[in-house]
Amino acid sequence: MKRVIVPFFIAHQGCPFQCVFCDQEKITGSAAVLPTAAEIKSRVADWLVSSGVAVVEVAFYGGTFTALSQGEQQALLEPLQPLLASGSVSAVRVSTRPDCITAGNVAFLRQSGVTLIELGVQSMDNAVLAAAGRGHDALATVNAFAILKSAGMRVGAQLMPGLPGAGRGEALATLRTIISLQPDILRIYPAVVLKGTALAKMYESGSFLPLSLDEAVQICKQLLHEAAQAGVPVIRVGLQPTEDIAKGAELLAGPFHPAFRQLVESERWYDLLQRLVAAFPLDAKLAIHVAPARVADVVGQRRSNISCLRSSGRQVAAVTADANLEESRILITDGIKTVAGDILTDLDYHQ
Ligand code: SF4
């Protein structure tokens, strides 16, 4: 069944901090005003009609939900109670900071229909967290996971590779620590420099250099790969482009690309292709078969993977969608022999 999430962006509401990279208004494209009960009910009703599904989820993104006053949290969740009771809203998710999780508040959220809390983890390196002005340490995230898991809440973690003082090693170490805490979903947002943020001043003064697009892709392909091997879904890679960010109006620097995830997925497939085609002689005419959903990733943006294979002397006759193949599988044949691969098991970035 198609999953439809009705989003409410509560930009910077409730957050007493100012992380160096954050300008919630620019990230979400939303003004810092909480929606009223009438607005919540009418938006959910509109989405139920326009999406054509009978059941939706509701998400409050962009702020620090659990740092809102109890009255404000109640005012946002109360209009959803009849919809939860009738079944037209199946679940509610909220985002918040790891240090704003308490057992009492989590119990209230569970009773109010919240089933998933996304934590802005960013890093599990205390020096990186301090340099980013987060105002909490890695232990706060460990404690938050413990409280949420023992309350039966699903937990999401948002990671931000490329913050000041962080490199590939930090990104991998953070991912591995988070995976050991058993998150239900992950989001990975490489750090970008938005105008008007403290990070912008650091960038302009020369004290911070963001990852290049290629560096971010190289790091994220490994993060994505390890998460996939661990069976943890990564539901987003790269910042969601608001109209302004897509036009470059609010973005000062950093590895932003409107189709960042596809760049990363295509890199993983290219790494596997390179391994598999080595089994064929250079003059072999290769036919590649993958699941329909993976054709675009295997081919690459603007056919980049096929161009790279051809530049290395390989002849690719066709890339064909094969509905019988699982999404992680690939077959390459030259008509004489066939080589099979699986991106989850045949790609190892540790080697
Ligand atoms: S905690 Fe979240 S909302 Fe608050 S400043 Fe940091 S990133 Fe922005």
Side-chain angles (χ1 to χ4, degrees), residues 1-19 22-97 100-102 104-120 148 153-156 158 185 187 189 194 196-197 235-236 239-247 249-250:
M1 190 175 66
K2 187 169 121 187
R3 169 178 279 187
V4 174
I5 298 177
V6 184
F8 291 90
F9 293 102
I10 52 170
H12 211 276
Q13 288 293 309
C15 180
F17 298 96
Q18 188 61 66
C19 303
C22 176
D23 184 332
Q24 281 292 324
E25 196 167 325
K26 281 171 188 161
I27 290 174
T28 62
S30 160
V33 176
L34 293 179
T36 64
E39 286 166 346
I40 290 169
K41 284 183 197 160
S42 111
R43 170 131 23 127
V44 173
D46 288 349
W47 276 61
L48 278 165
V49 172
S50 63
S51 64
V53 300
V55 182
V56 295
E57 291 184 30
V58 169
F60 292 100
Y61 292 130
T64 306
F65 194 94
T66 57
L68 293 169
S69 72
Q70 184 72 17
E72 288 171 318
Q73 292 180 50
Q74 214 149 6
L76 291 170
L77 295 172
E78 197 276 332
L80 299 173
Q81 299 312 304
L83 301 166
L84 284 158
S86 71
S88 52
V89 171
S90 61
V92 182
R93 57 176 73 185
V94 304
S95 59
T96 193
R97 293 167 52 92
C100 292
I101 293 291
T102 63
N105 193 224
V106 170
F108 157 73
L109 294 175
R110 279 290 281 159
Q111 282 159 14
S112 305
V114 176
T115 55
L116 186 146
I117 293 189
E118 292 195 41
L119 299 172
L148 292 166
M153 193 73 89
R154 297 176 69 227
V155 190
Q158 302 178 9
I185 55 167
R187 294 177 192 260
Y189 299 109
L194 298 181
T197 60
I235 62 168
R236 175 133 204 116
L239 204 58
Q240 180 91 38
T242 64
E243 207 174 307
D244 279 349
I245 288 176
K247 284 187 214 144
E250 302 298 346

Working to the nearest 0.5 Å, report the span between [atom1] of [X] and [atom2] of [Y].
X: Asp46; Y: Ser51; atom1: CG; atom2: OG; answer: 10.5 Å
X: Phe60; Y: Leu34; atom1: CZ; atom2: CG; answer: 9.0 Å
X: Ile117; Y: Asn105; atom1: CD1; atom2: CG; answer: 7.5 Å
X: Leu109; Y: Ile101; atom1: CG; atom2: CD1; answer: 7.5 Å
X: Phe108; Y: Thr66; atom1: CZ; atom2: OG1; answer: 11.0 Å
X: Glu57; Y: Leu116; atom1: CD; atom2: CG; answer: 8.0 Å

* With the side chain counted from C-beta on, respond yes when Glu118 and Tyr61 share a heavy-atom pair under 4.5 Å apart, and no when they do not. =>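 Side chain of Glu118 against side chain of Tyr61, heavy atoms only: contact under 4.5 Å found.
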
* Kindly indicate whether the side chain of Ile10, heavy atoms from C-beta on, has any atom under 4.5 Å from the side chain of Leu68. =>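 Yes - at least one pair of side-chain heavy atoms lies under 4.5 Å apart.
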
Give a yes or no on whether the backbone of [Y] and the side-chain of [X] come within a donor-acceptor separation of less than 3.5 Å.
X: Arg43; Y: Pro7; value: yes
X: Gln158; Y: Arg187; value: no
X: Gln18; Y: Cys22; value: yes

If I compare all heavy atoms of [X] with all of [Y], which pair ends up nearest, and what's the gap?
X: Ala91; Y: Leu84; result: N-CD2, 4.1 Å
X: Met153; Y: Thr115; result: SD-C, 3.4 Å
X: Ser112; Y: Leu77; result: CB-CD1, 3.7 Å
X: Ala54; Y: Leu48; result: O-CD2, 3.5 Å
X: Gln73; Y: Ala67; result: NE2-N, 4.5 Å
X: Ser90; Y: Val55; result: CB-CG1, 3.4 Å

* Please walk me through it: do Val94 and Leu76 pass side-chain contact (heavy atoms from CB on, under 4.5 Å)? -> CA-CA 11 Å; Val94 304; Leu76 291 170; over 6 Å; no

* side-chain contact (heavy atoms from CB on, under 4.5 Å) between Ile185 and Arg93, worked out -> CA-CA 12 Å; Ile185 55 167; Arg93 57 176 73 185; 4.1 Å; yes

* Give the intermediate values and the outcome of side-chain contact (heavy atoms from CB on, under 4.5 Å) for residues Tyr189 and Arg236. => CA-CA 8 Å; Tyr189 299 109; Arg236 175 133 204 116; 3.9 Å; yes

* Dump the intermediate steps for side-chain contact (heavy atoms from CB on, under 4.5 Å) on Ile5 and Val56, then the final yes or no. => CA-CA 6 Å; Ile5 298 177; Val56 295; over 6 Å; no

